[in-house]
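Counting from 1, the numbers follow the sequence of the chain as shown.
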Amino acid sequence: MVHLWVRSESRANEERVGLTPQGAARLIDAGFKVTVEQSAQRVLPIAEYEAAGCAIAPEFSWVDAPDDAIVFGLKELPDDGTSLRHRHIMFGHAYKGQQAGQVLLDRFGAGGGALYDLEYLTDADGRRVAAFGYWAGYAGAAVSLMCWMAQQRGDIAGPVGTYPSASHMLAAMQQGLVQIGTQRPTALIIGALGRVGSGAADLCQAMGVAVTRWDMAETAHGGPFPQVLAHDVFLNCILARPGTPVFVPASAKIADRQLSVIGDIACDPDSDFSPIKVYDRTTTWDAPALRVHDAPMLDVTAIDNLPSMLPAESSEDFADQLLPHLMTLTALDQGVWGRARACFDRAMG
């Protein structure tokens, strides 16, 4: 019997979950055991999981879960250096040279566990089978516009938070735009044909922002890309990987430009392959904008859990995509899970 253990998220502002109560019920009906930890911040109530037939465990008790349990979460584990003996399903951010990623892999090596990275769950053609991308793009574009609106007031963007729904987010954004008058920014999206770019474009369209949509055809020549500097807002929706061209070089800070806000929605600043060279760290919910140049202003926003701003919609969407593959955990060495394990084994050398 497969035992799936849904852990509580330890990160602040992380209300998402990758399995809904309805999905848990389907797994249980298929013969799985499902344990769900209590959580002080998860958007979906624990009572619904209990009603679905899940076993309920205390918050953060996964460390004491049975050896055969597969621990399922989304974001990073507590950074306490302990060895990891379980098989973990999560976003590890460990395979592109990230410093924190190597620390995580070392913990798996010490404990004998394994990482099944959600970013590397792919079909036979290499396409990801489940992603938060649309909502990352949607929320990332919203935060980028918040940064631009703050600049129009001579300010820098203040803290961001969660919204009950996308409609609530749009209403708040519209109110902010009305307060600054009729001016609207222009935006360029790279990666516009993907899920992330689609979400970003939908938010911009809803806000009346003129969008230039680029994808692989427009970036295939490798740069430079002066058009990026000719827009008010640049939204990067391309995951960093070997061969990704530089979209914003370090020289952009002092270049003649219209660009004043960069939304690095892909958000991988410590990767060797990052296409944005004007900053080196993520931003936070409390301080979403990093001012990298004062005159003329240039702010970067790079929050790495953007879909959490819309936790209910993003959780339900992601969980629906992932559930058919969770149902195949009985064959962990095959299909999407076998490919994810192969990525881990290669990273471990």
Side-chain angles (χ1 to χ4, degrees), residues 13 132-163 166 169-170 172-177 179-180 183-192 194-214 225 227-239 247-248 252-253 257-269 274-276 278-279 281-293 296-310 314:
N13 302 314
F132 284 101
Y134 179 87
W135 296 106
Y138 199 94
V143 176
S144 300
L145 289 184
M146 292 176 194
C147 293
W148 181 85
M149 287 189 284
Q151 290 177 343
Q152 309 317 298
R153 302 190 299 266
D155 203 351
I156 191 167
V160 298
T162 60
Y163 294 86
M169 172 183 277
L170 286 177
M173 294 287 295
Q174 290 285 8
Q175 184 176 8
L177 277 176
Q179 291 174 351
I180 63 171
Q183 184 182 4
R184 298 291 181 269
T186 59
L188 187 148
I189 299 172
I190 295 184
R195 282 183 279 205
V196 180
S198 295
D202 284 353
L203 183 283
C204 288
Q205 184 174 3
M207 301 304 297
V209 173
V211 177
T212 301
R213 293 171 170 86
W214 278 14
F225 303 101
Q227 298 93 330
V228 171
L229 303 185
H231 290 74
D232 297 297
V233 177
F234 167 51
L235 301 174
N236 175 48
C237 301
I238 299 291
L239 283 172
F247 301 140
V248 184
K253 293 181 182 180
R257 55 178 164 80
Q258 185 173 334
L259 182 70
S260 67
V261 175
I262 298 169
D264 190 5
I265 299 171
C267 193
D268 216 355
S274 173
I276 298 173
V278 296
Y279 84 116
R281 58 190 182 275
T282 59
T283 61
T284 66
W285 289 47
D286 289 337
L290 173 67
R291 183 146 295 170
V292 297
H293 201 262
M297 283 187 291
L298 183 60
D299 291 341
V300 178
T301 181
I303 296 173
D304 63 4
N305 63 334
L306 284 163
S308 290
M309 294 178 66
L310 296 166
S314 63

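The heavy-atom pair separating T301 from P288 by the smallest distance is OG1-O, 2.8 Å. Here the closest non-hydrogen pair linking L203 and A142 is CD1-N, 3.6 Å. Here the closest heavy-atom approach between residue A157 and residue A289 is recorded as CB-CB, 4.2 Å. Taking every heavy atom of both residues into account, D232 and T186 meet most closely at OD2-N, 2.8 Å. Across every non-hydrogen atom of A166 and W135, the tightest pair is CB-CZ3, 4.1 Å. In terms of heavy atoms, I189 sits closest to C237 at CG2-SG, 3.9 Å.
Within a 6.0 Å sphere centred on CD of Q205, other residues, nucleotides and ligands contribute 12 heavy atoms or fewer.
Y279 places a side-chain heavy atom less than 4.5 Å from the side chain of D264. Within the 4.5 Å cutoff, side-chain heavy atoms of I303 are placed close to those of V160. When side chains are defined from C-beta on, P275 does not count as touching I238, because their heavy atoms never get closer than 4.5 Å. The closest side-chain heavy-atom distance from W285 to V143 is not below 4.5 Å. Counting heavy atoms from C-beta on, the side chains of M173 and M149 come closer than 4.5 Å. For the pair I190 and F234, the minimum side-chain heavy-atom distance is below 4.5 Å. Taking 4.5 Å as the limit, some side-chain heavy atom of T282 sits within range of a side-chain heavy atom of P269. Counting only heavy atoms from C-beta outward, the side chains of M207 and L177 approach each other to under 4.5 Å.
Distance check: D202 CG to L170 CG gives 10.0 Å after rounding to the nearest 0.5 Å. In this structure, CG in L239 is found 7.5 Å from CG in D268, a value given to the nearest 0.5 Å. Between the CZ atom in F132 and the CG atom in L306 there is a gap of 12.0 Å [rounded to 0.5 Å]. L188 contributes atom CG, which lies 7.5 Å from atom CD of Q227 (distance to the nearest 0.5 angstrom). Distance CD1/I276 to CG/N236: 4.0 Å, rounded to 0.5 Å. Rounding to the nearest 0.5 Å places CD of Q179 at 13.5 Å from CD of Q152.
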V300 vs T283, test: side chain to side chain contact (heavy atoms under 4.5 Å, CB included). Steps then yes/no. CA-CA 8 Å; V300 178; T283 61; 5.6 Å; no
Evaluate side chain to side chain contact (heavy atoms under 4.5 Å, CB included) for C204 paired with V233, printing each intermediate quantity in order. CA-CA 11 Å; C204 288; V233 177; over 6 Å; no
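A side-chain donor-acceptor contact under 3.5 Å links R257 to the backbone of L259. Judged by distance alone, with hydrogens and angles left aside, the side-chain atoms of Q174 form a donor-acceptor pair with the main-chain N or O of A206 at under 3.5 Å.
Legend: side chain to side chain donor-acceptor pair (under 3.5 Å) pairs involving residues 139-151, not counting sequence neighbours, sorted by first then second residue: Q151-S260, Q151-D299.
Take D304 and apply the salt bridge (Lys or Arg N to Asp or Glu O under 4.0 Å) test, not counting sequence neighbours, and it matches R11.
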